[in-house]
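Accompanying notes for the structure given below.
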Number of protein chains: 2
Amino acid sequence: MTSYKTEPPVLLAVDCIIFGFDGEGLKILLIKRGFEPERHKWSLMGGFVQPTESPEDSAARILKKLTGLTDVYMEQIAVFGKPDRDTEQRVVSVVYFALIDINKYEHVISHDYRAEWFPLKEVPQLIFDHNEMVEVAKKKLKYKAALYPIVFELLPEKFTIPQIALLYESVYDIDLDRRNFSRKLLSSGLIIKLKEKDTENSKKGAFYFKINTEVYKEKIMSFLRFLPGWPID
Amino acid sequence: MTSYKTEPPVLLAVDCIIFGFDGEGLKILLIKRGFEPERHKWSLMGGFVQPTESPEDSAARILKKLTGLTDVYMEQIAVFGKPDRDTEQRVVSVVYFALIDINKYEHVISHDYRAEWFPLKEVPQLIFDHNEMVEVAKKKLKYKAALYPIVFELLPEKFTIPQIALLYESVYDIDLDRRNFSRKLLSSGLIIKLKEKDTENSKKGAFYFKINTEVYKEKIMSFLRFLPGWPID
DNA sequence: ACAAAAGTGTTATGCGTACACCCATGA
DNA sequence: TCATGGGTGTACGCATAACACTTTTGT
């Protein structure tokens, strides 16, 4: 035997959970599915892996198609492959999450898909097992973000410490002591203070910071804890 | 369009990284591949996902076929799906790791496969991208075991604290202070002291312990740290 | 008696946390 | 001048980690 001829083929898909942060709370980007089955229902953005693509390539292509963005932080979450998860035929889906700067998205929005941002707590019913995928993605994000400073991928170039705090609060659904949080973050050397202040969101105004890319690249492969206790799960 | 007919099918495989611990160090179980291509070369145990199976089912079936064991701790690691990773045709592989009690294995060993245990540091060259899979598995194990007490899955029912310490040392390739480690573990309430001692491995003898299943089931979904610092990567 | 491994006691240090307090500013 | 959110100072406690020391037993 020199081939796997007797083995049953499957279709390989990719689905993306796209996280964005608008200063209010964490959101995910969903589309209205444009084809049967389950046409016009809310769904994750997805597509099929092509012969020349790895699943990673495929995920990047799909993300670009919807958001226009490239070089986005993406991470493989899991494979969903129950025999009957798709009603049509056997489709196994590799699921990724992406962290994007929501502002960059807004300028490039593709109207080919009826895409909308949903707060994490108001995700509608989705097709197939997509709700389950979202749950797993949320869990993975929590897990990972507790150890690595990946949530900065969600922020614009300039951001304030209260904003980051809000972001962490949103990811973990907790309340942080902003005072301690601020110190912890500053002492990490991960962010650099700018001259400018954000005066929109408070009377006193909060200083803008930018990422210290040197330290960031180092710590993204290491880990650190900005969070009190361990509010994962 | 009510079907995905134009989409290219792929073959879906599963590969298992089987970890075992023999009191010396962490090992992985490899087989000599029994069919072409790459016949007679060292390989992970694997197989194809059947029409009625989820990838999880498939992984459990494959593990049982090699080791005779069921109800084993398994975890999905990642999907490997580069277009040309298999030389024969397009095969996408879902990779799992399994943690087994090596003693249970030894009684049920299947001789259909030429299987051998290899110390983590002496893994031979494997077919395709299997070496890469092993590396990812090691990393995931470290990551997870730093937060959850999963390594106990590798131990027999009775074990000593020095054994567990050795196991952690083996997983992380570090030296632990056995004195502090012992206290930390005891104070977690995770293990219960037995009357009996292991007198084989030392003059004084070390007390045997068993898992406190109540606490274990609770903590396996939570997390705790037995390790000083954070020796992940 | 000695070596070797198991295990206990003790202590310095630092981190996490709580919270009092000060600062800047718009209304 | 008061309310609001941003930010600093400080103090307490507990977990960590370092390491001196005791215990047990085979040789």
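This structure is a prediction, so every number in the text was calculated from the model and none was measured. Lettering of chains follows the sequences in order, A, B, ..., and the numbering in each one begins at 1. Quick note: numbers below take in every heavy atom, side chains included, and nothing from hydrogens, waters or symmetry partners.
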To the nearest angstrom, how far is [X] atom [atom1] from [N] atom [atom2]?
X	N	atom1	atom2	answer
B:Ile191	C:dG7	CD1	C1'	13 Å
A:Asp198	D:dG5	CG	P	13 Å
A:Asp177	C:dG16	CG	P	13 Å
B:Phe209	C:dA6	CZ	P	12 Å
B:Glu169	C:dA5	CD	P	13 Å
A:Leu186	D:dT8	CG	C1'	11 Å
A:Leu176	C:dA18	CG	P	11 Å
A:Arg178	C:dA18	CZ	C1'	16 Å

Looking only at heavy atoms, the pair that brings A:Glu116 and A:Phe118 closest together is O-CD1, 3.4 Å

At less than 3.5 Å, do the side-chain atoms of A:Lys204 and the base atoms of C:dA24 form a donor-acceptor pair?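 Under the 3.5 Å cut-off, the side chain and the base do not form any donor-acceptor pair.
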
Go through the N and O atoms of the side chain of B:Asn201 and the base of C:dA5, and report whether any donor-acceptor pair is under 3.5 Å.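 There is none.
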
Between A:Lys193 and B:Asn180, just flag the one whose closest nucleotide in DNA chain D comes earlier from the 5' side. A:Lys193

The answer to which of A:Ile161 and A:Lys203 contacts DNA chain D further toward the 5' end, by nearest nucleotide, is A:Lys203

Ring of A:Phe207, cation from A:Lys197 - is the NZ or CZ under 6.0 Å from the centre and inside 45° of the axis? yes

Does NZ in A:Lys210 sit with more than 12 non-hydrogen atoms of other residues, nucleotides or ligands closer than 6.0 Å? no

Closest approach to the side chain of [X], judged atom by atom: which nucleotide of [options] is it?
X	options	answer
A:Ala206	D:dG7, D:dC21, D:dT24	D:dG7
A:Pro162	C:dG7, D:dA17, D:dG7	D:dG7
B:Arg179	D:dT8, C:dT8, C:dC23	C:dT8

In terms of the nearest nucleotide of DNA chain C, which residue is placed more toward the 5' end: B:Thr160 or B:Arg183?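 The residue closer to the strand's 5' end, by nearest nucleotide, is B:Thr160.
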
May I ask you to decide if B:Ile150's main-chain N or O and B:Tyr73's side chain share a donor-acceptor pair within less than 3.5 Å?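 Judged by distance alone, no pair lies under 3.5 Å.
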
Check the side chains of A:Asp198 and A:Thr160 for a donor-acceptor pair under 3.5 angstrom, ignoring hydrogens and angles. no

